[in-house]
J.: 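First the structure, which I've put down as structure tokens, then a few questions once you've had a look.
The figures here come from the full heavy-atom set of this structure, side chains too, leaving out hydrogens, waters and symmetry mates.
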Amino acid sequence: MSTHPQPLAGKTVIDLTTALAGPYATLLLSGLGARVIKVENPTRGGDTSRNNSPYVTSEGLSLRRISEDDMSVSMLLRGRGKESVTLNLKHPGSQQVLFDLIAEADIVVENYSAGVTGRLGIDYEAVKHLNEKLVYTSISGFGADTDNGDRKAMDTIIQALSGVMMTAGEPGHPPVRFGLPIGDLSAPLFAVIGTLSAVLQAEHTGQGQHVDVSMLGALTSMVACEPFDALESVGFPLRTGAYVPRLAPFGTFRAADGYFAICAPTDQFAAGVLRAIDRADLLESADFGSRDARVANADRLHGLIAGWAAEQPLAEVLDALTSQGAPAAPVRTTAEAVRDPQVAARGEVVPLVHPKFGHFDGLFGSGVPMVLSGSSTSLDAPAPYLGEHTDAVLGALGYDTARIEGLRSGGVL
């Protein structure tokens, strides 16, 4: 256990998020040391991810709940390090409770559809007077300042609209949905960057602000990091399947017992590949001796590599490539990847722990993938049960037992 302080220690976050994009943002803030108070709707069973199968039970993983103590793997992962308070924000009596929470906080994060917080009377304009330094972060599908009616912002919808589905797969084949929910995961990264930037500015100016991040904008911005239009205009296909001709030799190949990746666009790296496949004679050839030549003859070059590797064991292929300095690696399964000892040692992947049943072998979750020399990160505290901290959190705000019970019996909590 590190003795270094956590960088966000002393900061309090009011978490009004649900599902994945918002909770992942607040998970990172928690891992960096912020106190995260998760506000959940008691009338709907709390965060929607609490009802995502499978569940961790006393007997292990199950597709269905067996007891009230069971918790979804999604919540075990996304709820770590957070305190859960129940509050029905549609109830008129809830607003003052939320305002009392926000008045003592530094950050609010919400991922309602655009316009919902305004209708509830809890948007930035309604709460900024509670705390001049308040940073209020909104994560939505299309932007908090846009009117998209009933347009839904699920990850696959965002992938489709961003263009990213058309960057993967084989030419002429249907669009490919990324298995990893990259729309849901890219937006919270930008939200955390924006939030921390605004917190730093508030420390200097004394003024908070509204941070507005859209899932579509975040993912489309990433797509725009590659100039696909320009590449197509000079003849490079948008979708290239297993290989990337403009960086040849570059792509994934098959050995006799598994797949591997090569990334060798430079002269030095490409020379290593050619030596590894016993074709050093091509180093000075007109067809493969320069980067432009290799790009022009990418199909032939990739064919040579594929033919060389097809009948050889993966271990021998990788030994040959790496011994010649060619960047290459096996294509691992997700199970293999999350068990990488180096990744585990750096805390980038950590075991998931149920608050009552402990850790079951093989159950892992994301850590905080940042190693800081002068501070620590941690996601050690398990996810809370729904409303587990309601009484304690409100009690610390000065609510006595009678008031809390009155709010609960009245349907506010």
J.: Taking ring pair (Phe, Tyr, Trp, His ring centres under 6.0 Å) as the test, write out the residues that go with H210, two or more places apart.
T.: Y124, Y136
J.: Roughly how far apart are N41 CG and L87 CG, rounded to 0.5 Å?
T.: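 CG of L87 is found 8.5 Å from CG of N41.
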J.: Considering residues at least two apart in sequence or located in another chain, which fulfil the side chain to side chain donor-acceptor pair (under 3.5 Å) criterion with T195?
T.: T137
J.: So, S409 side chain and G406 main chain: donor-acceptor pair closer than 3.5 Å or not?
T.: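 Indeed, once roles are kept as given, a pair shorter than 3.5 Å links the two residues.
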J.: On a heavy-atom basis, which atom in A105 and which in N131 lie closest, and how many Å separate them?
T.: O-ND2, 2.7 Å
J.: Do any N or O atoms from the side chain of E388 and from the backbone of Y385 form a donor-acceptor pair under 3.5 angstrom?
T.: yes
J.: Of all residues at least two apart in sequence or in a different chain, which pass the salt bridge (Lys or Arg N to Asp or Glu O under 4.0 Å) check with D267?
T.: R294
J.: Under 4.0 Å between a side-chain nitrogen and a carboxylate oxygen: does that hold for E336 and R339?
T.: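 A salt bridge is absent here (no side-chain N lies under 4.0 Å from a carboxylate O).
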J.: Suppose we screen for side chain to side chain donor-acceptor pair (under 3.5 Å). Which residues come up paired with D47, at least two apart in sequence or across chains?
T.: T18, K38, S49
J.: Report, one line per pair, each donor and acceptor closer than 3.5 Å where one atom sits in a side chain of residues 228-238; sequence neighbours left out.
T.:
residue : atom : partner : partner atom : Å
S233    : OG   : A230    : O            : 2.6

J.: Just by modelled atom types, is the P313 backbone N or O under 3.5 Å from a matching donor or acceptor in the D257 side chain?
T.: no
J.: Test your reading of the model: is there a side-chain donor-acceptor pair from Q6 to the backbone of L8, 3.5 Å cut-off?
T.: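 No, Q6 side chain to L8 backbone: no donor-acceptor pair under 3.5 Å.
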J.: Any side-chain to backbone donor/acceptor pair from S62 onto R65? Under 3.5 Å, distance only.
T.: no
J.: Given the rule in the side chain to side chain contact (heavy atoms under 4.5 Å, CB included) test, do S30 and L379 qualify, once you have shown the distances and angles that lead to the verdict?
T.: CA-CA 7 Å; S30 173; L379 285 171; 4.2 Å; yes
J.: In plain terms, say whether K11 and E203 are close enough for a salt bridge, that is, a side-chain N and a carboxylate O under 4.0 Å apart.
T.: yes
J.: T26: what forms a side chain to side chain donor-acceptor pair (under 3.5 Å) with it, not counting sequence neighbours?
T.: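 Side chain to side chain donor-acceptor pair (under 3.5 Å) check on T26 returns D15, K82.
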J.: Using the test ring pair (Phe, Tyr, Trp, His ring centres under 6.0 Å), find all partners of F357 that sit at least two apart in sequence or belong to another chain.
T.: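 So F357 forms a ring pair (Phe, Tyr, Trp, His ring centres under 6.0 Å) with H354.
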J.: Return the set of residues passing side chain to side chain donor-acceptor pair (under 3.5 Å) with E83 (not counting sequence neighbours), or none when no residue passes.
T.: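 With neighbours one apart ignored, the set is R35.
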J.: Is it true that a side-chain atom of S376 and a backbone atom of H4 form a donor plus acceptor pair closer than 3.5 Å?
T.: yes
J.: Is it true that E40 and S84 share a donor-acceptor pair across their side chains at a distance under 3.5 Å?
T.: yes
J.: Once salt bridge (Lys or Arg N to Asp or Glu O under 4.0 Å) is applied, do any residues pair with K356, and if so which ones, sequence neighbours excluded?
T.: D69
J.: I need the F142 CZ to I157 CD1 distance, nearest 0.5 Å.
T.: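 So the gap between those two atoms works out to 8.0 Å.
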J.: Considering non-hydrogen atoms only, spot the tightest contact between A218 and S186 and give its length.
T.: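 Closest approach of A218 to S186, heavy atoms only: CB-OG, 4.1 Å.
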J.: Among all residues two or more places apart in sequence or in another chain, which pass the side chain to side chain contact (heavy atoms under 4.5 Å, CB included) test with D400?
T.: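 If we apply the side chain to side chain contact (heavy atoms under 4.5 Å, CB included) test to D400, skipping adjacent residues, the hits are A402, R403.
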J.: For H302 and F253, what are the C-alpha separation, side-chain angles and deciding distance, and is it a ring-ring contact (aromatic ring centres under 6.0 Å, His included)?
T.: CA-CA 9 Å; H302 289 143; F253 301 83; 5.8 Å; yes
J.: Tell me if a side-chain donor or acceptor on R239 pairs with a main-chain N or O of H173 at a distance below 3.5 Å.
T.: yes
J.: For Y399, what residues pass the ring pair (Phe, Tyr, Trp, His ring centres under 6.0 Å) criterion, not counting sequence neighbours?
T.: none
J.: What residues form a salt bridge (Lys or Arg N to Asp or Glu O under 4.0 Å) with D100, not counting sequence neighbours?
T.: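 By the salt bridge (Lys or Arg N to Asp or Glu O under 4.0 Å) rule, D100 matches no residue at all.
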J.: Which pair of non-hydrogen atoms, one from P384 and one from H389, has the smallest distance, and what is that distance?
T.: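 That closest heavy-atom pairing would be CB-CE1, 3.6 Å.
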J.: Looking at R332 and D340, is any side-chain nitrogen of the basic one under 4.0 Å from a carboxylate oxygen of the acidic one?
T.: yes
J.: Can you tell me how far the OG atom of S140 sits from the CD atom of E110, to the nearest 0.5 Å?
T.: 7.5 Å
